[in-house]
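The figures here come from the full heavy-atom set of this structure, side chains too, leaving out hydrogens, waters and symmetry mates. A note on names: the letters A, B, ... follow the listed sequences, proteins ahead of strands, and every chain is numbered from 1.
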Amino acid sequence: MDPTYDPAAVERAAQEHWRALEAYRAKENDPRFPKGKYYVCSMLPYPSGKLHMGHMRNYTLNDVVYRFMRSSGYNVMTPMGWDAFGLPAENAAIEKGIAPAEWTRANIADMKAQFAPMGFAFDWSREVTTCDPGYYRWNQWLFLKMLEGGIAYRKTQVVNWDPVDQTVLANEQVVDGRGWRSGAPVEKREIPGYYLAITRYAEELLDEVTNDLEGWPEQVRTMQENWIGRSEGVRFAFPFELDGKSERLWVFTTRADTIMGVTFVAVAPEHPLARALAEREVARGARRLQTFIEECKRGGVADAELAALEKKGVATGFFVEHPLSGERVEVWIGNYVLMGYGEGAVMGVPGHDERDFAFALRYGLPIKQVIALGEEAFSPTEWKPWYASTEGSRCIHSRSPDGRYDYDGKSYQEAVDAVAADLAALGLGEKRVQWRLRDWGISRQRYWGTPIPIIHCDACGAVPVPETSLPVLLPEDLVPDGTGNPLAKDERFLACSCPKCGKPARRETDTMDTFVDSSWYFMRYCCPGAETMVDARTEYWMAMDQYIGGIEHAVLHLLYARFWTKVMRDLSLASFGEPFKRLFTQGMLLAHCYYREDANGRKRWFYPAEVEQQFDERGVPVSAVAKEDGKPVLYGGIEKMSKSKNNVVEPGTFIRQFGADSARAFVMFAGPPDQSAPWSDASAEGVHRFLRRLWTFCHEQRERIAAAPRSVPPALDAALKKTRHELHVTLQQALFDYQRMKFNTVVSAAMKMLIALETARELPAEPPASAALLREGLGVLLQTLYPVAPHIAHALWVELGFAEERGDLLDAPMPQPSEAALRQDELELVVQVNGKLRGRVTVAAEASEEAVKAAALADEHVRKFVAGKPVRKVILVRGKLINIVV
RNA sequence: GCCCGGGUGGCGAAACUGGUAGACGCAUGGGACUUAAAAUCCCUUGGGGGAAACCCCGUGCCGGUUCGAAUCCGGCCCCGGGCACCA
């Protein structure tokens, strides 16, 4: 055994050992694992080319779960793949002039090589690359099935349009309302596209996320619930006449109880009525409405952008009829009304809706109070939150002029019911459940994605590509130039014949949203090489037992994957409707950043390695200087690792110096895995010191351990007993923390175990008992540490002879705390007086309540604080504390 | 703007269901070893007061519930994630 810890040698040897065994190759129904399967998977990475410490943290988490579950007796499988389609490859192509395919494949090779030294337990035989035709053909195939089943359909969508580059822009590519390359103001443009009817599954998606997904974080469940957004309300119509025709303007409201407070209606700029009124106005020679609608087209389509807009509107001078009061209500066009939600029109009740209130104040519209809450005073100039209250509210001034409809005195629910019934009787409305969720638009006017398998024929229209002609291959040699979609300029791709009539036709040039790729890749991992989309092996591994990924995917990806799974279930491709039993959302890895500003205010960011931090005598960081010139740099705080701030920490250098185990252990130790944590070289070296100390200790003790008895004798002296107690309490906590995925405290536990054992080394106990305890303790320590730092654990496990006795660490069962070691004869209790800590007493474990009280009151320190005052109450918390209230 | 999180020493954090705030680690200061440095080891380290025993204050801010609050409730401030074409 090498007396000094050489991580490179240790890691090479351990990896070679497990490679030779093909240790991570998972087989269905493997008889070695009677507890059954366990499928753990991390969200697949985008192959950007550079692996950073953030990846390291994510996949270490995954690996720790793998190893812990395997040590617990499960047939564990963990795969890896690449989310290979997407925008960054096109951007790289524009910048470097190389085809996205080439760039992407080179990146994958690079990243795979960078993964190698980390020792992750991936079963690479299951690798999925989403830009491979063997994968994306099934996106196309399922899309065709969805078309057949009516789940996929075509309608218009609104996109960001760059008028200079003649290109559709992603929201990300719109910066301050302008195209990021051209700088031209972005416009909204309507174009046709394909949609998937996720709203058909809204009820089920909501119901299951609320009631069934108990293994999911509460916050993600809440976010999805709110996203799906079920609301009960009333859909009703304002009748009107236009050009002699009777028409209806439909709206949806959750506040039908305020219907008598309507003083205007607002429609979206894209609403057919808005267009009709604008055209009518143009015919009369005015362009006020047209101008406003044009104005609303400015800017992008991102909801965050729209929501932040100043609420503006324009009166149309056109009136509709209030369905109950019969009053004339003016139609406005409002920039805040979304065509995609509800009916694209809303009733305006300024008295009881904050947004309408502000709108009415701005444009001098009447504000009518129709709800009262107790004695609260209503002011038409100042908004108060109770105006929108539904609890304890009563309708007032809610009587139609003809007296036919009267809701005065009714509560929220009574009024809603009555209004809905009255509208229904008129045939002008009914109760309705409205979803916030919108159908999923999957068409992208981009090259690097799955081609949508449609052929456009002048005679037959949009014709699906026959199943037998799949996959529609994406040409891999095109180089986008930032204007338009290169597929639309590629004659080889475009030219085809209509599957229906055989005449020359054109291929659809839109590709699919990359969320399609990530909606089912985890099922494909289960069945490498399958000739169908999925097969029986998928049924074995799915549903996934533990899914791990970033919180940023809480809604979109996770909702789409759930939807996709349900569609597959309904097509009899899966027996399960929910893909992920347990979900863990990991936090980001952050890093310090440093900069200097030049005369023009431009920032130059320094790599952390170029900077030296200086501290005052109390350890408070005071300033940082650049190593190159010794002059100060400014501290930019702890930020998300990004290229632009030069604070991306790459694992390579650290691993070469300190080893993968140190890097793995530190990223686990840095903080709770579900929260963001900063990378720090100094702290990481601290973890490395721990591993080195462990190695040295094992080396020192190896002969004593070799000669030690295999089990700890039942009778131990007090000092050994105490050490063993500490060890097993720590083990118990570590096992609990493994289960709840708090791996930071697992690393702490391993450190505490080493401290306890180092202390035990000094104990003057009789040699065999203390050697036996050391042996037991190191065995426990190595197994506790193993999932986090597998290589060093493996090496020491072998060196200390555990492998010979108990087999390979991979499959050695996790140790369990011993009841005997956990038991204590005496307990130390904290004594509080009026809730403040005033003393401690040691009592026998099974001492009676009376005896404990007596002991506490006898403590001289406690007596000082009780000091003759009458004891009003004594609270005893078993095994913890006693509180004396005086 | 809307939805969801988070805020504890100089720093990363711990405290499992309301019960000893700061485990474990980093950094800092002091010391040992060394010709020296590195490495290693030991001690100190929330703030204030005190010679000491010990006392007071302290978990973003304000208020409440409780024998007892980092933890529960109400209000506020700040930071982060998402908002449907970044992945």
Seminar exercise, completed: When A:V874, A:L876, A:V831 are each screened for side-chain contact (heavy atoms from CB on, under 4.5 Å) with A:K853, the one that passes is A:V874
For this session: Flag yes if more than 12 heavy atoms outside A:D176 fall under 6.0 Å of its CG atom; otherwise flag no.
Result: no
Sort me out a list of protein N/O and nucleotides 53-59 of chain B N/O pairs below 3.5 Å, or just none if empty.
residue: B:rC55; atom: OP1; partner: A:H861; partner atom: NE2; Å: 3.3
residue: B:rC56; atom: OP1; partner: A:R838; partner atom: NH2; Å: 3.2
residue: B:rC56; atom: OP2; partner: A:R838; partner atom: NH1; Å: 3.4
residue: B:rC57; atom: OP2; partner: A:K836; partner atom: NZ; Å: 2.9

Exercise. Does A:E685 have any side chain to side chain donor-acceptor pair (under 3.5 Å) partners at least two apart in sequence or in another chain, and if so, which?
Worked result: none
Problem set entry | Residues A:E726 and A:K752 bridged, charged N to O under 4.0 Å | no
For this session: Tell me whether the OP1 or OP2 atom of B:rC24 has a side-chain N or O from A:R693 closer than 4.0 Å.
Result: no
Exercise. Could A:R838 and A:F865 be counted as a cation-pi pair, given that NZ or CZ must be under 6.0 Å from the ring centre and within 45° of the axis?
Worked result: yes
Problem set entry | From B:rA87, B:rC83, B:rG19, nucleotide with atom closest to A:F515 side chain | B:rA87
Exercise. Between A:H553 and A:Y560, who's closer to the 5' end of RNA chain B by nearest nucleotide?
Worked result: A:Y560
Problem set entry | Side-chain donor-acceptor contact under 3.5 Å, A:D510 with A:Q445 | yes
Exercise. In whole angstrom, what separates A:D681's CG from B:rG12's C1'?
Worked result: 14 Å
Exercise. Does a side chain donor of either A:D6 or A:W695 reach within less than 3.5 Å of an acceptor in the other side chain?
Worked result: no
Seminar exercise, completed: By nearest-heavy-atom nucleotide on RNA chain B, the more 5' of A:A684 and A:D83 is A:A684
Exercise. Could A:K155 and A:Y195 be counted as a cation-pi pair, given that NZ or CZ must be under 6.0 Å from the ring centre and within 45° of the axis?
Worked result: yes
For this session: Between protein and nucleotides 13-18 of chain B, map the contacts as a letter string: B base, S sugar-phosphate only, - none, heavy atoms under 4.0 Å, written 5' to 3'.
Result: SSSB--
Seminar exercise, completed: The correct set of residues in residues 42-52 of chain A placing a heavy atom under 4.0 Å from RNA chain B is A:Y46
Exercise. Could you give the CG-to-P distance, from A:L754 to B:rU40, as a whole number of Å?
Worked result: 14 Å
Seminar exercise, completed: Partner of A:H688 under ring-ring contact (aromatic ring centres under 6.0 Å, His included), picked from A:F654, A:F669, A:F658, is A:F658
In a table with atom names and distances, give each donor-acceptor pair under 3.5 Å that connects a side chain of residues 166-173 of chain A to protein atoms at least two apart or in another chain.
residue: A:Q166; atom: NE2; partner: A:P163; partner atom: O; Å: 2.9
residue: A:T167; atom: OG1; partner: A:D165; partner atom: O; Å: 2.8
residue: A:T167; atom: OG1; partner: A:G482; partner atom: O; Å: 3.3
residue: A:T167; atom: OG1; partner: A:G484; partner atom: N; Å: 2.6
residue: A:N171; atom: OD1; partner: A:N160; partner atom: ND2; Å: 2.9
residue: A:Q173; atom: OE1; partner: A:A170; partner atom: N; Å: 2.8

Problem set entry | Stems involving RNA chain B, each a run of at least 3 consecutive Watson-Crick or G-U pairs under 3.5 Å | B:1-7 with B:77-83, B:10-12 with B:24-26, B:29-32 with B:40-43, B:46-49 with B:54-57, B:60-64 with B:72-76
Seminar exercise, completed: Residue pairs meeting salt bridge (Lys or Arg N to Asp or Glu O under 4.0 Å), one or both in residues 728-749 of chain A, sequence neighbours left out, come to A:D737-A:R740
Please enumerate all protein N or O atoms sitting under 3.5 Å from an N or O of nucleotides 68-74 of chain B, with distances to 0.1 Å.
none

Problem set entry | side chain to side chain donor-acceptor pair (under 3.5 Å) against A:Y521, all qualifying residues, sequence neighbours excluded | A:Y547
Exercise. When you measure from every atom of RNA chain B, which of residues 216-226 of chain A have a heavy atom less than 4.0 Å away?
Worked result: A:Q219, A:T222, A:M223, A:N226
Exercise. In whole angstrom, what separates A:L590's CG from B:rC11's C1'?
Worked result: 14 Å
Exercise. Can A:Q157 and A:S443 be counted as having a side-chain donor-acceptor contact under 3.5 angstrom?
Worked result: no
Problem set entry | Centroid-centroid under 6.0 Å between A:W440 and A:Y560 rings | yes
Problem set entry | Where at least one partner belongs to residues 44-53 of chain A, residue pairs that pass salt bridge (Lys or Arg N to Asp or Glu O under 4.0 Å), sequence neighbours excluded | none
For this session: Quick one: label A:L87 by what it contacts on the DNA or RNA (base, sugar-phosphate, nothing), any heavy atom closer than 4.0 Å.
Result: sugar-phosphate
Exercise. Counting only side-chain N and O atoms of A:N171, is one of them less than 4.0 Å from OP1 or OP2 of B:rC83?
Worked result: no
Problem set entry | Base orientation of B:rG5, syn vs anti, 90° cut from 0 | anti
For this session: Inspect the surroundings of NZ in A:K384 and state if more than 12 heavy atoms from other residues, nucleotides or ligands are less than 6.0 Å away.
Result: yes
Exercise. Choosing from B:rC83, B:rC67, B:rU40, which nucleotide comes nearest the side chain of A:R692?
Worked result: B:rU40
Exercise. Which word best sums up how the rings of A:Y136 and A:F85 line up, parallel for under 30°, tilted for 30 to 60°, or perpendicular for over 60°?
Worked result: tilted
Exercise. On a whole-Å scale, what distance lies between the P atoms belonging to B:rA84 and B:rG74?
Worked result: 30 Å
Exercise. Hey, is the side chain of A:R840 pairing donor to acceptor with the base of B:rU20 inside 3.5 Å?
Worked result: yes
Exercise. Are A:S518 and A:D83 close enough that a side-chain donor and a side-chain acceptor fall under 3.5 Å?
Worked result: no
For this session: Would you indicate what A:Q445 reaches in the nucleic acid, counting non-hydrogen atoms under 4.0 angstrom: base, sugar-phosphate, or nothing?
Result: base
Problem set entry | Inter-nucleotide P distance (B:rG25, B:rU40), Å rounded | 14 Å
Exercise. With sequence neighbours left out, which residue pairs that include part of residues 189-200 of chain A fulfil the salt bridge (Lys or Arg N to Asp or Glu O under 4.0 Å) condition?
Worked result: A:E190-A:R275
